[in-house]
Amino acid sequence: VLNGTKMWITNGSVADVAVVWARTDDGIRGFVVPTDTPGFSAPEIKKKMSLRASVTSELVLEDVRLPGTALLPEAKGLNGPLSCLSEARFGIVFGSLGAARECLETAITYAQSRRLFDKPLAAYQLTQQKLADMALELGKGMLLAVHLGRIKDAGTIRNEQVSLGKLNNVRESIAIARECRTILAANGITLEYPVIRHANNLESVLTYEGTSEVHQLVIGQALTGESAFR
Ligand SMILES: Cc1cc2nc3c(=O)[nH]c(=O)nc-3n(C[C@H](O)[C@H](O)[C@H](O)COP(=O)(O)OP(=O)(O)OC[C@H]3O[C@@H](n4cnc5c(N)ncnc54)[C@H](O)[C@@H]3O)c2cc1C
């Protein structure tokens with residue numbers, strides 16, 4: 001019998017099945033919960049200004065009674081949920097850069113066509129400095145992602161390395177999106193261009209799959225051997 005609530009679950013109110021990790025007498029265990037089970041509800045979270053294309057919900061479980069077959073048989077303790085998280089975080093190492101790349105491509109095209117005084121915005125040194133620095137961070141992030149992909153394929157990747165990739169690539173991607181926004185200036189704040197949408201969505205990405213702060217703590221612990229989580 002499961003009881004509890006969890007805020008901020010992507011697709012929570014459209015899913016047929018929820019995977020729920022719960023504290024039990026036998027430690028942390030995973031459960032497959034059909035969302036039409038009595039006692040389960042998933043009210044939608046309204047007024048989001050970020051990741052508006054997907055539904056985000058609260059999961060509420062009130063005396064949700066499940067058969068023994070709902071229990072994931074092998075996952076015990078924190079390793080189950082953490083290994084799921086490491087997979088999702090790894091995807092974000094690449095995905096965040098996709099958003100940054102579209103922003104940068106948009107900013108370059110825009111700067112080439114927008115004329116200020118007698119020449120294109122792209123011909124001003126300050127614009128080129130911004131573009132060069134963004135291309136640098138995008139390229140470094142891509143190399144980091146490819147490197148992490150290779151060590152993941154080799155089966156040697158460690159959680160703190162995934163943290164490093166998630167922290168860096170989301171941080172740099174949101175910085176790129178915001179810098180591109182300045183190149184588009186007023187046009188940067190409209191949905192006529194993809195930049196403000198990516199910047200807003202990256203605000204969520206900065207928080208989910210481990211906040212930047214928590215990834216800093218993971219890396220800090222790996223470097224020092226000291227846990228600073230609490
Ligand atoms: C659009 C969206 C979709 C989401 N989808 C999902 C989903 O599908 N599944 C899911 O499980 N979650 C999902 N989340 C939730 C997300 O994982 C959490 O928001 C995130 O883990 C942070 O938790 P919190 O918001 O409760 O922040 P809090 O835990 O309240 O953190 C507040 C601040 O304190 C910092 N902090 C927390 N702990 C420490 C510490 N020990 N030391 C120092 N600083 C600390 C945090 O970094 C943050 O800056 C989603 C969130 C969003 C915005």
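Predicted model, so just to flag it, every value in this text is computed and none were measured. Position 1 is the first residue of the sequence, and the numbers go up from there. Every number for a ligand or one of its atoms is a count from 1 in the order of the listing.
- The shortest contact between atom 41 (N) of ligand 1 and any protein heavy atom is with Phe229 O, 2.6 Å.
- Regarding atom 2 (C) of ligand 1, its nearest protein heavy-atom neighbour is Tyr208 CD2, 3.8 Å.
- Near Glu213, meaning under 4.0 Å from any of its heavy atoms, are these atoms of ligand 1: 46 (C), 47 (O), 49 (O).
- Those atoms of ligand 1 with a heavy atom of Leu51 less than 4.0 angstrom away are 1 (C).
- The nearest non-hydrogen atom to atom 21 (O) of ligand 1, considering only Thr207, Thr56, Asn201, comes from Thr207.
- If you check the side chains of Thr35 and Asp16, you find no donor sitting under 3.5 Å from an acceptor.
- Looking at Ile9 against ligand 1, both its backbone and its side chain come within 4.0 Å, counting heavy atoms.
- In this structure, SG in Cys103 is found 8.5 Å from CD1 in Ile176, a value given to the nearest 0.5 Å.
- There is no protein heavy atom closer than 4.0 angstrom to atom 39 (C) of ligand 1.
- Thr211 CG2, 3.8 Å is the protein heavy atom nearest to atom 22 (C) of ligand 1.
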Does the salt bridge (charged side-chain N to carboxylate O under 4.0 Å, His left out) test come out yes or no for Arg171 and Glu137, once each step is laid out? CA-CA 10 Å; Arg171 186 156 69 184; Glu137 290 307 330; over 6 Å; no
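- Using a 4.0 Å cut-off between heavy atoms, Leu217 contacts ligand 1 through its side chain alone, with no backbone atom that close.
- Contact annotation: for Thr10 versus ligand 1, heavy atoms closer than 4.0 Å belong to both the backbone and the side chain.
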Begin from the C-alpha positions of Lys130 and Asp133 and carry the test salt bridge (charged side-chain N to carboxylate O under 4.0 Å, His left out) through to its verdict. CA-CA 5 Å; Lys130 288 179 185 178; Asp133 285 349; over 6 Å; no
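- Distance remark: protein heavy atom present below 4.0 angstrom from atom 19 (O) of ligand 1.
- To the nearest 0.5 angstrom, Asp26 atom CG is 8.0 Å from Leu71 atom CG.
- There is a protein heavy atom less than 4.0 angstrom from atom 9 (N) of ligand 1.
- The closest protein non-hydrogen atom to atom 50 (C) of ligand 1 is Trp8 O, 3.3 Å.
- Taking a distance limit of 4.0 Å, we find that atom 24 (P) of ligand 1 is approached by no protein heavy atom.
- Remark: minimum distance from atom 37 (C) of ligand 1 to any protein heavy atom is reached at Val214 CG2, 4.4 Å.
- Taking both residues in full, the closest heavy atoms of Gly12 and Leu59 are given as CA-CD2, 4.0 Å, listed atom of the first, atom of the second, then distance.
- Side chain of Arg29 to backbone of Pro73: a donor-acceptor contact under 3.5 angstrom is found.
- Nearest approach of Val146 to Phe94, heavy atoms of both residues: N-CZ, 4.0 Å.
- No more than 12 heavy atoms of other residues, nucleotides or ligands sit less than 6.0 Å from atom CG of Leu126.
- Around atom CG of Leu82, more than 12 heavy atoms belonging to other residues, nucleotides or ligands sit under 6.0 Å away.
- Protein heavy atoms are absent from the 4.0 Å sphere centred on atom 28 (P) of ligand 1.
- For atom 32 (C) of ligand 1, the nearest protein heavy atom lies 4.0 Å away or farther.
- Rounded to the nearest 0.5 Å, atoms CG (Leu144) and CG (Leu97) are 8.5 Å apart.
- Under the 4.0 angstrom criterion, atom 12 (N) of ligand 1 counts as having a protein heavy-atom contact.
- In this structure, Lys6 is part of the shell of residues with a heavy atom less than 4.0 angstrom from ligand 1.
- Of the inter-residue distances, the one linking Ser204 atom OG with Met49 atom CE reads 11.0 Å to the nearest 0.5 angstrom.
- Inside a 4.0 Å radius of atom 45 (C) of ligand 1 there is not any protein heavy atom.
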